[in-house]
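Because only heavy atoms are used, hydrogens play no part in the values below, and waters and symmetry mates are left out as well, while side chains stay in.
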Amino acid sequence: QVQLVESGGGSVQAGGSLGLSCAASGYTYDFYCMAWFRQAPGKEREGVAAIYVGSGLPKYVDSVKGRFTTSLDSAKKTLYLQMNSLKPEDSAMYYCAAQSNLYPCRVSALFVSTSYAYWGQGTQVTVSS
């Protein structure tokens, strides 16, 4: 049974930094891609960063480019999200997601939640002004 466990959320002032981790376990096949999504109260879940597991190529949405960095430690089976220059609008529950390599991830669908079969339980990030 695949498990994704996020950690590292917390509270920070605007302009500060936080790092999130997502530890993966229990899967037989490698993942094709992994991603970070976030959801604020009353808003839809949105993808913010993704990575192709094989190549390590990251992708970001415009709102976080230059501020967020995602990376993967394959040996530790852990996905990371480093968030710098945080803004109050970055406040949300952050989720880690993954898709099996049996289902290739299309670049056009990297930030679509239905592209991912496996999800973590989320970790809260709160940025105060």
Side-chain angles (χ1 to χ4, degrees):
Q1 183 176 354
V2 175
Q3 279 196 314
L4 301 175
V5 180
E6 301 97 334
S7 60
S11 297
V12 66
Q13 288 194 328
S17 299
L18 277 176
L20 305 183
S21 299
C22 170
S25 64
Y27 55 96
T28 301
Y29 300 100
D30 287 336
F31 296 134
Y32 198 101
C33 58
M34 300 182 73
W36 291 97
F37 284 74
R38 66 186 181 188
Q39 187 167 21
K43 294 189 176 182
E44 292 188 358
R45 188 171 296 190
E46 63 168 346
V48 295
I51 193 165
Y52 284 98
V53 172
S55 66
L57 178 67
K59 297 286 186 183
Y60 306 94
V61 295
D62 288 344
S63 60
V64 306
K65 276 182 183 176
R67 300 189 300 121
F68 289 13
T69 302
T70 191
S71 60
L72 178 67
D73 186 328
S74 297
K76 294 182 179 179
K77 299 181 181 179
T78 300
L79 180 70
Y80 300 97
L81 183 68
Q82 179 63 38
M83 304 181 292
N84 299 326
S85 302
L86 282 162
K87 305 174 181 179
E89 52 264 42
D90 293 319
S91 296
M93 185 72 78
Y94 281 71
Y95 299 90
C96 171
Q99 180 58 295
S100 163
N101 65 358
L102 297 178
Y103 304 97
C105 305
R106 295 178 292 118
V107 65
S108 60
L110 276 178
F111 300 118
V112 177
S113 59
T114 52
S115 296
Y116 298 88
Y118 307 109
W119 291 84
Q121 82 290 349
T123 186
Q124 180 67 40
V125 171
T126 302
V127 184
S128 58
S129 57

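Y80 and W119 are members of different hydrophobic clusters when ILVMFWY side chains are connected at heavy-atom separations under 4.5 Å. Hydrophobic cluster membership differs between V107 and V112, with clusters built from Ile, Leu, Val, Met, Phe, Trp and Tyr side chains linked at under 4.5 angstrom. The hydrophobic clustering, which links ILVMFWY residues whose side-chain heavy atoms are closer than 4.5 Å, places Y95 and V5 apart.
Between L4 and A24, the closest heavy-atom pair is CD2-CB, 3.6 Å. N84 and S17 make their closest contact through OD1-OG, 2.9 Å (heavy atoms, listed as atom of the first residue, atom of the second, distance). Nearest heavy atoms, Y60 versus A49: CD2-CB, 3.7 Å. F111 and V48 make their closest contact through CE2-C, 3.8 Å (heavy atoms, listed as atom of the first residue, atom of the second, distance). Among all heavy-atom pairs drawn from G8 and L18, the shortest one is O-CD2, 4.1 Å. The nearest pair of heavy atoms linking M83 to V125 is CE-CG2, 3.8 Å.
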Pair I51-W36, side-chain contact (heavy atoms from CB on, under 4.5 Å): steps then yes or no = CA-CA 9 Å; I51 193 165; W36 291 97; over 6 Å; no
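Looking only at distances, no side-chain donor or acceptor of T126 sits under 3.5 Å from a matching main-chain atom of S91. No donor-acceptor pair closer than 3.5 Å links the side chain of Y32 to the backbone N or O of R106. Under a 3.5 Å cut-off, the side chain of S115 and the backbone N or O of A109 do form a donor-acceptor pair.
In terms of the salt bridge (Lys or Arg N to Asp or Glu O under 4.0 Å) criterion, K87 has no residue partners (sequence neighbours excluded). Every residue meeting the side-chain contact (heavy atoms from CB on, under 4.5 Å) condition with S63, not counting sequence neighbours, appears here in chain and number order: R38, V61.
Heavy-atom neighbours of Q3 CD from other residues, nucleotides or ligands within 6.0 Å: at or below the threshold of 12.
Distance check, rounded to the nearest 0.5 Å: CG of L86 to CZ of R67 gives 6.5 Å. Distance check: T70 OG1 to L57 CG gives 11.0 Å after rounding to the nearest 0.5 Å. Considering OG of S113 and CD of E46, their distance stands at 11.5 Å, rounded to 0.5 Å. Rounded to the nearest 0.5 Å, atoms NZ (K43) and CE (M93) are 15.5 Å apart. Taking NZ of K59 as the start and NZ of K65 as the end, the distance is 8.0 Å to the nearest 0.5 Å.
Relative ring orientation between F31 and Y118 is described as tilted, the plane-to-plane angle lying within the 30° to 60° band. Ring geometry for F68 against Y94 counts as tilted: the plane angle lies between 30° and 60°, on a 0 to 90° scale.
Looking at T78, T123, L81, D73 one by one, the single match for side-chain contact (heavy atoms from CB on, under 4.5 Å) with S21 turns out to be T78.
Pairs of residues two or more places apart, or lying in two chains, that qualify as disulfide (SG to SG under 2.5 Å) and include a residue from residues 46-124 are C22-C96, C33-C105.
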